Amino acid sequence: MIVECPANMRLHDYLLSQDIHILTACGGRGSCGKCAVRVVKGSAAVNPMDRIWFSEAQLQDGWRLGCQVYARETLEVELRV
Ligand code: FES
C-alpha cells in the first residue's frame with residue numbers, strides 16, 4: 001500500500017488521521033523496528049534510530065522507521081499493512 005503524506009507532518013500522525021495503523025509495538029520510541037516503511041518518492045531525513053535498524057543500502061533504498069518520519073515535503077511511502 002502506498003500513501004501520500006503531506007508536507008510538515010509526522011507520518012505516524014498522518015496515518016492515524018486516515019485510520020491507517022502500522023505496527024508500533026514500542027509505542028513509537030524507535031526501539032522495536034516493527035514500523036518499517038519505505039519512502040518511494042521525496043526525501044526523509046535519516047535519524048540515529050534508523051541507523052540502528054537499517055543497513056546503509058536499505059537507507060539508500062528509502063527504508064525508515066515509520067514512527068520517526070517527519071515529512072518536510074510531500075512523501076510517497078510504501079507501507080507493509
Ligand atoms: S514503533 Fe517501534 S520502532 Fe517505530
Side-chain angles (χ1 to χ4, degrees):
M1 169 183 201
I2 292 183
V3 298
E4 187 175 285
C5 179
N8 303 312
M9 284 199 79
R10 285 187 63 228
L11 172 64
H12 194 217
D13 290 342
Y14 175 71
L15 294 175
L16 289 176
S17 77
Q18 301 302 301
D19 203 24
I20 299 170
H21 299 270
I22 58 175
L23 290 174
T24 55
C26 71
R29 290 189 295 274
S31 60
C32 73
K34 301 289 187 192
C35 61
V37 300
R38 193 166 74 89
V39 176
V40 295
K41 188 173 181 186
S43 176
V46 175
N47 72 35
M49 299 307 281
D50 292 315
R51 293 197 183 281
I52 292 171
W53 288 99
F54 304 112
S55 68
E56 190 59 39
Q58 288 173 312
L59 293 171
Q60 292 285 329
D61 203 30
W63 287 97
R64 301 287 186 277
L65 294 173
C67 68
Q68 306 289 313
V69 171
Y70 182 84
R72 296 193 185 283
E73 62 184 18
T74 301
L75 300 176
E76 284 186 17
V77 181
E78 184 177 10
L79 308 178
R80 301 184 303 177
V81 292

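In listed order, ligands and their atoms are each counted from 1. Just so it is clear, the structure is predicted and the values come from calculations on it, not from any experiment.
Close contacts of ligand 1 with Cys35, meaning ligand atoms under 4.0 Å from a residue heavy atom, involve 1 (S), 3 (S), 4 (Fe). Residue-ligand proximity, Cys67 to ligand 1, at heavy-atom distances under 4.0 Å covers atoms 1 (S), 3 (S), 4 (Fe). Every atom of ligand 1 with a heavy atom of Gly28 under 4.0 Å away is listed here by number and element: 1 (S). Less than 4.0 angstrom separates some heavy atom of Ser31 from each of these atoms of ligand 1: 3 (S). For ligand 1 and Thr24, the ligand atoms under 4.0 Å from any heavy atom of the residue are 1 (S).
Looking at Trp53, its side chain does come within 3.5 Å of a backbone N or O of Gly30 through a donor-acceptor pair. Distance alone, capped at 3.5 Å, places no donor-acceptor pair between the Arg64 side chain and the Val37 backbone.
Between Leu65 and Lys34, the closest side-chain pair of non-hydrogen atoms is not below 4.5 Å. Within the 4.5 Å cutoff, the side chain of Leu75 has heavy atoms near those of the Glu73 side chain. The side-chain heavy atoms of Leu15 and Leu79, taken from C-beta on, include a pair separated by under 4.5 Å.
Seen from atom 2 (Fe) of ligand 1, atom SG of Cys32 and atom SG of Cys26 lie 110° apart in angle, a value rounded to 10°.
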